[in-house]
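No hydrogens, no waters, no symmetry mates; every other heavy atom, side chains included, goes into these values. If you're wondering where the values come from, they're calculated on a predicted model, not measured in any experiment.
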Amino acid sequence: DRWPDVTRERCDELLKEAVAPLTEEWNDLPFGDTERARALSASYLDTCRLAAWNLTEAFRFSAFRPKAFELSFGDGGGAKPIRLTLQDGTQINMRGKIDRVDVGVCENETYLRVVDYKSGNTAFSPSDVYAGQQLQLLIYLRAALDAMQGAKPAGLFYQKVDHPMLSEEEEITKEEAERKLAKALRLNGLALSDPSVYRSMDGREPPLSLDDRLFNQDGTPGKNKPAATAEEMKALMDFAFQKAADLAKEMKNGVLKASPLQDKYGFGPCTYCDYQGICRRDPLLSQPARYKENIDIRQLIERCLDEKK
């Protein structure tokens, strides 16, 4: 058998072989010293098995294939660093590690997408990008494109790794449950606004590993759907670079204001901070919190394009 054309049983066997060096050590570590710890460790493996099968199924119907795992940039033998140039001429080399880079061919053009694994509910947010809180994937995309000359951007995505619980009022079949699990774990991010490239990433109708309502019937992106042209993606990457440079300049100049960034509901980094009792920031006396502006994808793209003019 050749991956991804393998059975569920073979997929489980391959995963077991892959994690064996790790799990064999668990008995001598906290992972295996109590019944509760062993049960928790078993749940980790269940999550890994589901993730492995979910990815296998997705790639069976995709023209894309993993090109690189944990692709380093700016760190020794990896891809070249991302270089930020500050206003005073200072150059800062950024380094990082991209969880996965997938490559596919569509209409004789090579495309790539970057994927970042997340165990939580991280979702692509135009508001977070504009506030400078979610620049990672845009910087990763530029690093991957620099490393693979000639490729075009297909998108940037978060891949949720979890074992979600399904809540159904009526009994469903095993096949229906698997489809619902696949939808709960599908990629979340920004895609190229080209239906052909999008279909090449998941050829199922409807796609299970991607948003099945990204495009209208006429091929245009739906309202406020996370899709962008190649030119718009470039503008977003340029914005992420400039935002990162601005943040680096503030850190270099010692600008550390006690003014946390909060959303419109007042939630921010201080909401669940364990150190509020010893923090010197008094909400009544300190600098006021900054509030994140709520914008959609089209507003973000328009602002990024305007800044390039």
Side-chain angles (χ1 to χ4, degrees), residues 73-75 81-99 114 116-143 156-158 160 188-190 224-226 228 232-309:
F73 59 91
D75 191 14
I82 295 296
R83 181 165 295 171
L84 302 177
T85 302
L86 307 189
Q87 287 183 340
D88 62 1
T90 300
Q91 292 189 330
I92 298 177
N93 289 337
M94 296 180 64
R95 62 184 182 182
K97 186 175 290 185
I98 308 170
D99 285 342
V114 294
D116 190 50
Y117 297 123
K118 295 294 183 184
S119 59
N121 294 316
T122 303
F124 178 77
S125 166
S127 298
D128 286 348
V129 171
Y130 195 68
Q133 288 186 301
Q134 208 177 79
L135 307 178
Q136 179 188 25
L137 282 182
L138 288 165
I139 292 174
Y140 280 3
L141 183 59
R142 174 63 60 81
L156 47 100
F157 300 96
Y158 293 111
K160 186 174 183 179
N188 178 291
L190 179 71
N224 293 332
K225 287 293 186 178
E232 291 168 345
M233 280 197 179
K234 182 180 184 305
L236 289 169
M237 287 186 281
D238 290 343
F239 170 82
F241 266 60
Q242 186 57 55
K243 193 70 172 182
D246 292 342
L247 293 172
K249 176 186 175 183
E250 290 185 358
M251 288 187 285
K252 179 174 180 288
N253 293 336
V255 179
L256 299 171
K257 297 179 180 178
S259 178
L261 184 66
Q262 299 179 348
D263 63 20
K264 63 180 181 180
Y265 301 107
F267 289 99
C270 298
T271 304
Y272 302 107
C273 179
D274 293 332
Y275 301 96
Q276 291 189 62
I278 60 173
C279 179
R280 295 184 178 182
R281 181 178 184 273
D282 187 328
L284 298 178
L285 303 176
S286 301
Q287 297 177 17
R290 293 167 294 136
Y291 284 89
K292 182 165 44 182
E293 185 179 2
N294 187 29
I295 63 174
D296 59 39
I297 184 62
R298 294 316 310 173
Q299 290 172 313
L300 173 63
I301 289 173
E302 289 168 4
R303 294 185 187 190
C304 291
L305 290 171
D306 288 341
E307 290 188 11
K308 293 185 65 175
K309 294 179 180 178

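A salt bridge links Glu293 to Arg303: at least one charged side-chain nitrogen sits closer than 4.0 Å to a carboxylate oxygen.
Taking CG of Leu137 as the reference point, atom CG of Leu190 lies at 9.5 Å (rounded to 0.5 Å). With values rounded to the nearest 0.5 angstrom, Ser127 atom OG is found 9.0 Å from Lys264 atom NZ. The distance from the CD atom of Gln136 to the CD1 atom of Ile98 is 9.5 Å, given to the nearest 0.5 Å. Distance CG/Asp116 to CG/Asn188: 11.5 Å, rounded to 0.5 Å.
Inter-residue side-chain proximity for Leu135 and Leu247 is flagged as met; some heavy-atom pair is nearer than 4.5 Å. Side-chain contact between Arg290 and Ser259 is present, with heavy atoms from C-beta onward closer than 4.5 Å. Annotation: side chain of Leu156 is not in contact with side chain of Tyr140 (no heavy-atom distance under 4.5 Å). With contacts defined as side-chain heavy-atom distances shorter than 4.5 Å, the pair Asp128/Lys292 qualifies. Using a 4.5 Å heavy-atom threshold, the side chains of Lys252 and Ile92 count as separate.
In plain terms, the two heavy atoms of Ala244 and Met94 that are nearest each other are CB-SD, 4.5 Å. The nearest pair of heavy atoms linking Leu86 to Ala245 is CD2-O, 3.4 Å. Nearest heavy atoms, Met237 versus Leu138: CG-O, 3.6 Å.
Counting only distance, with no hydrogens or angles, the side chain of Asp263 and the backbone of Tyr265 share a donor-acceptor pair below 3.5 Å. Without hydrogens or angle criteria, Asp99 side chain to Tyr117 main chain gives a donor-acceptor distance under 3.5 Å. Panel note: side chain Glu232, backbone Ile301; no donor-acceptor pair is recorded below 3.5 Å. The main-chain N or O of Asp296 is found under 3.5 Å from a side-chain atom of Gln299 such that the two form a donor-acceptor pair.
Other residues, nucleotides and ligands contribute at most 12 non-hydrogen atoms within 6.0 Å of the NZ atom of Lys249. Annotation: Asn121, atom CG; neighbour count of heavy atoms from other residues, nucleotides and ligands within 6.0 Å does not exceed 12. No more than 12 heavy atoms of other residues, nucleotides or ligands sit less than 6.0 Å from atom CD of Gln87.
Applying the side-chain contact (heavy atoms from CB on, under 4.5 Å) test to Asp246 and every residue at least two apart in sequence or in another chain returns Gln242.
Evaluation of the ring pair (Phe, Tyr, Trp, His ring centres under 6.0 Å) test over residues 238-258, restricted to residues two or more places apart or in two chains, returns Tyr130-Phe239.
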